[in-house]
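No experiment lies behind these values; they were computed from the predicted model shown. Both counts, for ligands and for their atoms, begin at 1 and track the order of listing.
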Amino acid sequence: MAKEAAPKVSKTITQEELKKQFVEMLHNDFQTTPEEASDQQVYEALSRIVVGILKAKRRHFTVRNRSEGKKKVYYLSMEFLMGRSLKTSIYNLEMVDETVGMLKEFGISINGIYEMEPDAGLGNGGLGRLAACYLDALAADGYHATGYSILYEYGIFKQKLDEGWQTELPDNWLPGGSALLVPVPTAAVEVRFDGNLKEYWDNSFHCVELENYTSVMAVPYDMFVSGYDSEAVSKLRLWKAEVPSFDMQRFISGDYSKALGRNIMSQAITKVLYPNDNHAEGKSLRLRQQYFLVAASVGDIVNTHMNVYGTLDNLADKVAIHINDTHPTLAIPELMRIMLDDCGYDWDAAWDIVTKTFAYTNHTVMPEALEKWDCNLVKGVMPRIFSIIVEINERYCRQLWDKYQDQEKVTHMSIIENNMIKMATLCVHACHHVNGVAKIHSEIIKRETFKDEYEYTPEKFTNVTNGIAYRRWLYQSNEGLTDLLRETIGDGFLKDASQLAKFRKFSEDKSVLERLNRIKNENKARFAKYVKNEYGVTLNTDSIFDVQVKRLHEYKRQQLNALNIIAEYNYLKANPDAPFVPKTYIFAAKAAPGYYMAKQIIKLIWNISEELKKDPKINEKLSVIFMEDYCVSLSEILMPAAEISEQISLAGTEASGTGNMKLMINGAVTLGTLDGANVEIFEQVGEENILLFGMNVDEVEAAKPNYKAMDFYNSNGVLRSAVDLLSEGINGEKFHEIANSLKNVDPYMAFADFASYQNAQRRASELYSDRMKWAKMSLANIAGAGIFSADRSVDEYARYIWQLQK
Ligand code: 26Q
């Protein structure tokens, strides 16, 4: 094997300097010493030092970019699922050795310190984690980027299982999480809600003013994300709602309850993250959250731009604003409002600049996730924004009429239909680019979701396949594999993921393949130890670790996985001594609290797990574990131990998926459908290194109109027995609703793919029996994972959508 990797010397800070700052910080801010300090205090002191370094580095970077007049990108998202930051910052700043060494001098182990940091769970799943990955990648690539979101007091709920039933506990993350936040009260922005519009003419100027509004202050708290081996630092600005001051005027005038009510309403805005994933709930508080985010952010963008350039005329040349799904759509009419009402632009001039500034990413084709807002609600909560949307729509409909002269078509394409505002339609009309998040998804949105819009403005539509901040799941989480890669292909892959392809050369190298197996075994053992500590459950580390971790949703088909496990259980009961490659099925998933069927499916999986435990002979070969509270930190322990990556959504439903990429880069083999980014994983590894099954999109489309689940049920005895067991009871609980839904109304066609899924599972077991062969597949996956780097994704956005210079 090739050279030992040379130790890196930090460009950021020396061990001596770090030690000096650490001792001083503990002394001055915590009145303690390194020897006496608690882990909590060490974590806080270290975090503050790191934040100080990042903040200075960002300032330096900003000053340089400004002096060069470079274009910046602002990424607006209701979610940033950051997870932990301290470790990432220390790795990205390349000060690992210095920090570990310094703490060692005081007998402190760094791993315990990392554990003190709570996850910043300011997101639900894929969309929120993607935003977090992109901040990392933007910095790594050297782009000037700012993310904007909300400082939710409570992030995504903590999941506990009570006999398999999901319960939700509040995620009170701020006590520990605030060590990484920098408040900037001087940059607070006022946001106005409610009220009524007053229109008048002043010297032939049409003026619009809001009266009797409720004022809420948006106070920024900044988080910094360093790029790996880069001068750039991304900033995430999180807005907290604060009431300016108590409305004494209203109180004195006798309107007590209104004064108090508005106060309470204002503070509620940033209280909690909505826990729905791929489901848009039209609640008034959610609408306020969305407007709060965009009004504060656009206000801040405009202030910053005006300070530098003194005009908005060149906004589109210097600023790109990205809208992460439709949730921040109101930024579009908000910028129009500022240009029209505050800056005196005429409509056409303002619209020209706005439409050159915004771009939009679609993340889903699920109809229930496409946002629509009731006109009356929008009119009440933000009257001026509503009137601007109406005007945008009227002008758009006139254009459509001119082109098509087809009333039905115009009505259908209109932004407002049946008294509802269709946010995606507004985005597509106002943005210069619209992209999907994987090749297949970008085709589907052109063909279906935005069919008419694509025909009208085809040039807007493009694809940017998702990517991940891969260093987090490889360099930071899988030490063994990182070492092997450094020894075989050098450490260029840490900065340039495409270099992972060099690893392919070793696909016939027996010693490398054996080493890969050893690394996987070590990671499995480490994970098993974690499971033993947390759950008291012993995992069979000689079994295949088969992993399905993602939000619980029927379209993701955890129920299909469960059905196959039941079928395997039935088989083992009937054939206790038949040869069987042992398997451990690992699940983790949060369900939206109001999603009844999702909670039933969690209960089912938990019950299967318990049922299997009753027969030790079976359990040795077949076991299930449902891990509670899936979050970014848990994924970091789990991914390195995974061998099979379950990506089994019905083709055409999962926009991309990103867990598939995290598992792949850790050497897991995808067992999946041709859906989302699985299609591109297949392109990278070839059919011998992926386990495909099920219908493709065209087959789904053809089969759907006449889908009769019962035909599959009646003709497949193995399937029938598994489904019947749902109704008969598993571990003492009957799952009639799941059974009935699968038999009668299942839009995700689980039965149709069942036989093919079983077949893929069998192939997996066969291949695994030859561990060298499996290691080769694993290697092909690691070597093919390079294109799924967020560094690559972000570079495509920068070049083809935002037109940024490095
Ligand atoms: C909307 C309105 C009101 C309340 C909630 C929502 C809401 C919140 C979150 C709607 C959707 C989401 C999340 C969507 C999401 O995570 N989509 C995933 O995005 C990933 C990144 O592109 C893809 O990889 C996944 O395929 C896609 O499901």
With sequence neighbours excluded, tell me which residues meet salt bridge (charged side-chain N to carboxylate O under 4.0 Å, His left out) with E654. K556
Among non-hydrogen protein atoms, atom 10 (C) of ligand 1 lies closest to H327 NE2, 3.5 Å
Would Y595 and H279 count as a close aromatic pair, with their ring centres under 6.0 Å? no
Can you tell me how far apart NZ (K599) and CD (E168) are? Round to the nearest 0.5 Å. 3.5 Å
Measure the distance from atom 16 (O) of ligand 1 to every protein heavy atom, then report the residue, atom name and distance (to 0.1 Å) of the closest one. L127 N, 3.0 Å
Any ion pair linking E683 and K439 (charged N to carboxylate O, less than 4.0 Å)? yes
Nearest protein heavy atom to atom 8 (C) of ligand 1, by residue and atom, and its distance? N276 O, 3.2 Å
Using a 4.0 Å heavy-atom cut-off, which part of S656 comes near ligand 1: side chain, backbone, both, or neither? both
Quick one: do D119 and K158 satisfy salt bridge (charged side-chain N to carboxylate O under 4.0 Å, His left out)? Show the steps, please. CA-CA 11 Å; D119 270 38; K158 297 258 170 232; over 6 Å; no
Is there a nitrogen or oxygen of E281 sitting under 3.5 Å from a nitrogen or oxygen of ligand 1? no
Between N278, L130, T364, flag the one that comes closest to atom 17 (N) of ligand 1 by a heavy atom. N278
Does G657 have a non-hydrogen atom less than 4.0 Å from ligand 1? yes
Donor-acceptor contact below 3.5 Å, side chain N393 vs main chain I415: yes
Nearest protein heavy-atom contact for atom 27 (C) of ligand 1: which residue, which atom, what distance? H363 O, 3.5 Å
Assess whether salt bridge (charged side-chain N to carboxylate O under 4.0 Å, His left out) is satisfied between K379 and D374, documenting all intermediate values. CA-CA 9 Å; K379 191 173 180 183; D374 190 300; over 6 Å; no
Run the salt bridge (charged side-chain N to carboxylate O under 4.0 Å, His left out) test against K550 and tell me which residues pass, sequence neighbours left out. none
Mark up the atoms of ligand 1 that fall under 4.0 Å of a heavy atom belonging to A655, in ascending order. 26 (O)
Heavy atom of M78 under 4.0 Å from ligand 1? no
E79 pairs by side-chain contact (heavy atoms from CB on, under 4.5 Å) with which of L122, L273, D277? L273
Would one find an N or O of E654, backbone or side chain, under 3.5 Å from an N or O of ligand 1? yes
Non-hydrogen atom of Y555 closer than 4.0 Å to ligand 1: yes
Is the H322 ring parallel, tilted or perpendicular to the Y797 ring (thresholds 30°, 60°)? perpendicular
Please list the nearest protein heavy atom to atom 5 (C) of ligand 1 with its residue and the distance rounded to 0.1 Å. H279 O, 3.4 Å
Is there a polar contact, in the sense of an N or O pair closer than 3.5 Å, between R286 and ligand 1? no
Suppose I only count heavy atoms of E79 and a 4.0 Å limit; which atoms of ligand 1 are within that range? 8 (C), 9 (C)
Do any nitrogen or oxygen atoms of N466 come within less than 3.5 Å of a nitrogen or oxygen of ligand 1? yes
